> 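Quick one: the structure is below, and I'll ask about it shortly.
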Amino acid sequence: MNIKKILGITLASLTSLSVAAQDPIDIGTLRNEEIQVVQRRLYEKADMTEMGIQLGMLPFDPYTVAPKVQLTYGHHDSESRAWEIQMGIGYGFRNQAYRTLDSPAYGKVPEATRYLMSITGGYQFSPIYGKVSLNGERVFHHDIYFPVVAGVTIEQTVDEHINSSFSERLAIAPTIGAGIGARVFLHDNRVLRLEVRDDVMLQYRAGSGTWALKQNLGVHVGLTVFGGNQ
């Protein structure tokens, strides 16, 4: 075999290999049981601190509605566990139901308290980390977490005629709460956070001189920032 034939065969082989490498290979549709590897999470939380501010609302009280600002600071012990403290400040305004009962037509002032402040702390469990695509163009990473907290809530009797002084109308109540939340990871360590939490308190009512359970179901939305590894 002469050199020309050898070169010709070699060039033909290289050309066929190049074309074959460029052609896509159709592997069909993968079944769930065929997927053995899942992409590693992009945003890691272990040994990271998280602090931020959220705007909230307590809209489900029968007699008041309270806008709220909440400051949070916490630390992630692992990818699924974290502790956090929260401080909330707000003010409960009388709603339409309260004003109607307090009107001359009814003349029955309801025994109600308004939210002023809360300090709570507790643990979060984050068992779910996922990704969602928006119109097939952008992928958002997120996690779902479940907070459990305990602390104290300070409220005030709405009816100003029960007691004359501000302090006598205060109700300082031990509080426990639980809820569900979600983090949507943005960029530059920023996170959009949404949380719904139900706080239950044991509250002393100044008007009737009795103890009662009260719920504050709150909705909070805001930003948090992740700090570096500790």
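Atoms considered below: every heavy atom in the structure, side chains included; atoms not considered: hydrogens, waters and symmetry mates. Keep in mind the model is a prediction, meaning the values are calculated, not measured.
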> CD/Glu195 to CD/Gln54 distance, rounded to the nearest 0.5 angstrom?
7.0 Å
> Should we say atom CE of Met117 is surrounded by more than 12 heavy atoms from elsewhere, each under 6.0 Å from it?
yes
> Hydrogens and angles aside, do Gln86 and Thr120 bring a side-chain donor and acceptor to less than 3.5 Å of each other?
yes
> Hey, could you give me the CG/OG1 distance between Leu58 and Thr64, rounded to the nearest 0.5 Å?
7.5 Å
> Can you tell if the side chain of Lys131 reaches within under 4.5 Å of the side chain of Phe140, non-hydrogen atoms only?
no
> Could you measure the distance from the CD atom of Gln203 to the NZ atom of Lys214? Nearest 0.5 Å is fine.
5.5 Å
> Quickly, which of Asn216, Thr175, Thr113 forms a side chain to side chain donor-acceptor pair (under 3.5 Å) with Thr153? Name it, please.
Thr175
> Tell me whether Tyr98 contacts the main-chain N or O of Pro62 through its side chain, where contact means a donor paired with an acceptor under 3.5 Å.
no
> Are Trp83 and His75 packed together at the side-chain level, in the sense that at least one heavy-atom pair is separated by less than 4.5 angstrom?
yes
> Between Lys45 and Glu50 (salt bridge meaning N to carboxylate O under 4.0 Å), is one present in this structure?
no
> How many angstroms lie between atom CG of Leu202 and atom CG of Leu213, to the nearest 0.5 angstrom?
6.0 Å
> Are Val148 and Ile176 linked, directly or through intermediate hydrophobic residues, by side-chain heavy-atom contacts shorter than 4.5 Å (ILVMFWY only)?
no
> Between Asp159 and Arg169, does at least one N-O distance fall below 4.0 Å, as a salt bridge requires?
no
> Inspect the contact between Arg114 and Asp61 and indicate whether a charged nitrogen and a carboxylate oxygen are less than 4.0 angstrom apart.
no
> When you measure from the side chain of Asn95 to the backbone N and O of Ala97, does any donor-acceptor pair fall under 3.5 Å?
yes
> Do you know which two heavy atoms are closest between Gly209 and Tyr204, and how far apart they sit?
CA-OH, 3.3 Å
> How far apart are the C-alpha atoms of Arg197 and Val149, what are their side-chain angles, what is the distance that settles it, and do they pass the side chain to side chain contact (heavy atoms under 4.5 Å, CB included) test?
CA-CA 9 Å; Arg197 198 180 75 214; Val149 303; 3.8 Å; yes
> Give a yes or no on whether the backbone of Pro147 and the side-chain of Gln124 come within a donor-acceptor separation of less than 3.5 Å.
no
> Which atom pair, heavy atoms only, marks the closest approach of Pro59 to Met57?
CD-O, 3.1 Å
> Hey, what do you get for CD1 (Ile85) to CD1 (Ile119), rounding to the nearest 0.5 Å?
9.0 Å
> Counting only heavy atoms not in Arg81, do more than 12 sit closer than 6.0 Å to its CZ atom?
no
> Dump the intermediate steps for side chain to side chain contact (heavy atoms under 4.5 Å, CB included) on Val132 and His142, then the final yes or no.
CA-CA 8 Å; Val132 62; His142 65 278; 4.2 Å; yes
> Nearest heavy-atom pair of Asp47 and Asp77: which atoms, and what distance?
OD1-O, 4.2 Å
> State, yes or no, whether a side-chain contact exists between Val65 and Phe60 at a heavy-atom distance under 4.5 Å.
no
> Linking I/L/V/M/F/W/Y whenever their side-chain heavy atoms sit closer than 4.5 Å, directly or via other members, would Val152 and Tyr91 fall into one cluster?
yes
> Does CZ in Arg138 sit with more than 12 non-hydrogen atoms of other residues, nucleotides or ligands closer than 6.0 Å?
no
> Taking all non-hydrogen atoms of both residues into account, name the closest pair between Ala46 and Glu79 and its distance.
N-OE2, 3.2 Å
> Report the C-alpha separation of Glu155 and Met201 in whole Å, then their side-chain angles, then the decisive distance to 0.1 Å, and conclude whether the side chain to side chain contact (heavy atoms under 4.5 Å, CB included) test is met.
CA-CA 10 Å; Glu155 297 200 341; Met201 66 196 75; 4.0 Å; yes
> How long is the gap from CE on Met48 to OG on Ser78, to the nearest 0.5 Å?
13.5 Å
> Does some side-chain heavy atom of Val191 sit less than 4.5 Å from a side-chain heavy atom of Leu223?
no
> Are Val158 and Tyr106 co-members of a hydrophobic cluster defined by side-chain heavy atoms under 4.5 Å apart?
yes
> Aromatic contact between Phe125 and Tyr123, with the criterion being ring centroids under 6.0 Å apart: yes or no?
no
> State, yes or no, whether a side-chain contact exists between Phe226 and Thr49 at a heavy-atom distance under 4.5 Å.
no
> Does the gap between the ring centers of Phe185 and His141 come in under 6.0 Å?
no
> Of all the heavy-atom pairs spanning Tyr129 and Leu42, show the shortest one and how long it is.
OH-N, 3.2 Å
> Walk me through it: do Tyr145 and Arg193 pass the test side chain to side chain contact (heavy atoms under 4.5 Å, CB included)?
CA-CA 10 Å; Tyr145 66 92; Arg193 218 167 96 166; 3.2 Å; yes
> Are Val184 and Ile144 connected in a single hydrophobic cluster, I mean Ile/Leu/Val/Met/Phe/Trp/Tyr linked by side-chain heavy atoms less than 4.5 Å apart?
no
> Which atom pair, heavy atoms only, marks the closest approach of Lys68 to Ser118?
NZ-OG, 4.1 Å
> Please answer: with hydrophobic residues joined when any side-chain heavy atoms are less than 4.5 Å apart, are Leu55 and Val225 in the same cluster?
no
